[in-house]
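Read through the structure below, which is laid out as structure tokens, and then see the notes.
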Amino acid sequence: MLKRISTLVLAGLTAAALTSCGSQGSGSASGSGDGSITMGFSQVGAESGWRTANTKSVQEAAKESGITLKFSDAQQKQENQIKAIRSYIQQKVDVIAFSPVVESGWDTVLKEARDAKIPVILTDRAVDSKDTTLYKTFLGSDFVEEGRKAGKWLVESFNNSTDPVNIVELQGTTGSAPANDRKAGFAEVIGADPKFKVIASQSGDFTRAKGKEVMEAFLKSNPDIDVLYAHNDDMGLGAIEAIEGAGKVPGKDIKIITVDAVKDGMQALADGKINYIVECSPLLGPQLMDLAKKVVKGETVPARVVTEETTFTQEQAKTALPNRKY
Ligand code: AHR
């Protein structure tokens, strides 16, 4: 398996915080009452290849673990996720898991879940709530680190040049953790050298169609684009269509860095149309089900579970593609 998934307790996490995680896990308001577990899961949507793979992973893992899954697709809307969570509270599920479409605005509904003694697990994306007792654990990637990895590749690739490097950025969904963090990590690394200039940065909402549309606009207003940094493969793939439509060669005239490493992205990398991909694993289902079983039993779980990920060059993509699971 290409990825090693490991559990890391965040540096600086106090023993007290860990203890509180365990003690609050007990006493879930079980709706089943027969020892079986029902999970209410609110998914962001179906905006990307990554999301489709993530949904499959969660659904398959629930089946394999004997957990009954109530699944809802929020179609990228926070209000739909809040409605779904309220409905899971009403149905007295044993545990709620969700991938928050944006970081802010969750405290009220999470307090309602806590009052109902239903443990909540954040998966894939974080919330910016200061009250960490509102959820038991957060399972997912380190998005800031993903942005740093993208920035490091760029810095190394343009190591021998002193000319300005004009970068355009396709951001993920506005206000989402991966958009905020991937932008910040990338900016932190390239910010050390003033030759790197982000000349345009706009949201493509993590979709292929929007990635294409925004890239077309970037190309019209900026004749000298050297690099595209797209926060996911799908937006990068949409942008490739725009670049080709403008008579330029993706991967050569414009270097492209993306995040995710889904099959379509990896194929474009192997074909030379993308130059570098930072991996973000969607295969969170099995770990999510393990954590759910523990929190329902009232066992202590780490406050943060980080997914370990790798990066791919064009040569590495050619080797990895035949065994790629998603
Ligand atoms: O939250 C993970 C991100 O959401 C993925 O990188 C992107 O493809 C998805 O839409």
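Owing to the predicted nature of the structure, the values given are computational and were not obtained by experimental measurement. The figures that follow rest on heavy atoms only: side chains count, while hydrogens, waters and symmetry mates do not. We count ligands from 1, going down the list as the structure has it; atoms in each ligand are counted the same way.
At least one side-chain heavy atom of Gln314 sits under 4.5 Å from a side-chain heavy atom of Asn275. Residues Pro282 and Arg51 fail the side-chain proximity criterion, which asks for heavy atoms closer than 4.5 Å.
Atoms of ligand 1 found under 4.0 Å from any heavy atom of Arg125 (numbered from 1 in listed order, with element): 1 (O), 3 (C), 4 (O), 9 (C), 10 (O). Residue-ligand proximity, Ser48 to ligand 1, at heavy-atom distances under 4.0 Å covers atoms 7 (C), 8 (O), 9 (C), 10 (O). For ligand 1, the atoms closer than 4.0 angstrom to any heavy atom of Glu47 are 4 (O), 9 (C), 10 (O). The atoms of ligand 1 that sit less than 4.0 Å from any heavy atom of Phe206 are 7 (C), 10 (O). For ligand 1 and Pro178, the ligand atoms under 4.0 Å from any heavy atom of the residue are 1 (O).
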- side chain to side chain donor-acceptor pair (under 3.5 Å) between Ser42 and Gln81: does it pass, once the steps are laid out? CA-CA 6 Å; Ser42 171; Gln81 287 200 296; 3.2 Å; yes
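The side-chain contact (heavy atoms from CB on, under 4.5 Å) test with Val198 is passed by exactly one of Asn166, Val168, Ile190, Val165: Ile190.
Contact annotation: for Arg182 versus ligand 1, heavy atoms closer than 4.0 Å belong to the side chain alone.
Heavy-atom separations between Asp124 and ligand 1 include at least one value shorter than 4.0 Å.
Among the atoms of Trp50, none of the N or O lies under 3.5 angstrom from an N or O of ligand 1.
For atom 6 (O) of ligand 1, the nearest non-hydrogen atom from the set Asp260, Val262, Leu284, Asp181 belongs to Asp260.
Asn54 and Gln43 share a donor-acceptor pair across their side chains, judged by distance under 3.5 Å alone. Side chain to side chain, His231 and Glu146 fail the donor-acceptor criterion of an N or O pair below 3.5 Å.
Note: Phe98 and Phe41 fail the aromatic proximity criterion, with ring centroids not under 6.0 Å apart.
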